[in-house]
Amino acid sequence: MLALGKLLELTLTGHEPASKIQLTPQGTRLRWLAEGALEITPACGRDNGMDLLLSAGIHGNETAPIELLDRLLRRIARNELQPRARVLLLFGNPAAMRRGERFVEQDINRLFSGRHELSSGGEAMRACELEHLASSFFVDPGRERLHYDLHTAIRASRIEQFALYPWAEGRRQSRRECARLQAAGIDAVLLQSKPSTTFSAYTYAELGAEAFTLELGKARPFGHNELVNLDRLELRLQALIEGNEPPVEERAVERLKLFAFSRELIKHSDAFVLHLPADVENFTELEPGYLLAEDLANSRWVVEEQGARIIFPNPKVHNGQRAGILIVPAEASLLD
């Protein structure tokens, strides 16, 4: 197997390959761009016009998606997969991956869309580098642009595999792309309605890609992901890479659970209290009238919405950051 097919091994050991460009026997080109970054170019005459960005390891302890991308790359390097799409593989936070931790200094997934310019340290520099790598990859306006940023969650979830669909002024979220996700095993899509500082929000709003954050189960260490079933997603990614994706049936959207963002819980001070069990699951339903959280200056969050659910509850975030999101059921009519 080509040495560049061992990108994960290179990344976890902090090694730079001696040879930056390698070709498979069929002419697929692998090009090492930076730590944890590899560009894959189809053999001459095979390019189908898709630019596919696949990222994982934005949080270093979310290993199932990292292992998934490693499997796909190794198949390409062994010539078992012969790409027709251009592919950029990114392991987002190598320093955190090596430590087996979510991040080293700060959450890199809150540092995109220029937010890194207001910060300092290794993760801010890496966010800037990832933006540059993505913008250099998505350079031809005539090509299809697709970005899946793969994650697993801190806590268990009543809907295990779901996607966050970013928002951008002047764009409507796509019915076809949601149907494509359903075919890949995603059970729910959360339709965002305001700007965000995540990696997928950057590629969606700034680079014009169809982009999603995919939550794929619970975070576990390397080698302990037997309970994270990514078979359907892996098959769909393989088909996207090979250019033989089955036709997308837009009616599949009807089998998705769609949600809209209602409110964010912002932690203002150390007095913040979240009135939920420590092990509460994502998508837990909350009744109207429930006192969800309190903070200084009589700041209280009381559930008012019908069908409200909580996702990403985390009272341990820094002051000024989001400590949870209330979501509500949404209709497919919101999609274009």
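The first residue of the sequence shown is numbered 1, and numbering continues consecutively from there. Just the heavy atoms: all of them, side chains too, but no hydrogens, waters or symmetry mates, feed the values below.
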> Are Arg86 and Glu39 close enough for a salt bridge, meaning some N to O gap below 4.0 Å?
Replying inline: yes
> Honestly, is Arg171 close enough over Tyr204, meaning NZ or CZ under 6.0 Å from the six-membered ring centre and within 45° of the axis?
Replying inline: yes
>> Checking Met97 against Thr11 for the side-chain contact (heavy atoms from CB on, under 4.5 Å) test, could you report, in this order, the C-alpha distance in whole Å, the side-chain angles of both residues, the deciding distance, and whether it holds?
In response: CA-CA 9 Å; Met97 288 168 55; Thr11 304; 4.2 Å; yes
> Is the side chain of Glu80 donor-acceptor paired with the backbone N or O of Arg75 at a distance under 3.5 Å, no angle test?
Replying inline: no
>> So, taking the atom named CZ in Phe283 and the one named CD1 in Ile327, what distance separates them when rounded to the nearest 0.5 Å?
In response: 4.5 Å
>> One thing to verify: whether Glu210 and Arg180 come together as a salt bridge, which I'm taking to mean a side-chain N less than 4.0 angstrom from a carboxylate O.
In response: no
>> Restricting to non-hydrogen atoms, name the atom on Leu4 and the atom on Leu30 that form the minimum distance, rounded to 0.1 Å.
In response: CD1-O, 3.4 Å
>> Is it the case that the side chain of Thr197 and the backbone of Ser113 share a donor-acceptor pair, with hydrogens and angles ignored and the cut-off at 3.5 Å?
In response: no
> What heavy-atom pair brings Ala56 and Leu69 nearest, and what distance separates the two atoms?
Replying inline: CB-CD1, 3.8 Å
>> Tell me whether Asn282 contacts the main-chain N or O of Phe312 through its side chain, where contact means a donor paired with an acceptor under 3.5 Å.
In response: yes
> What do you reckon, are the aromatic ring centroids of Phe272 and Trp301 less than 6.0 Å apart?
Replying inline: yes
> Would you say the side chains of His318 and Gln321 form a donor-acceptor pair under 3.5 Å?
Replying inline: no
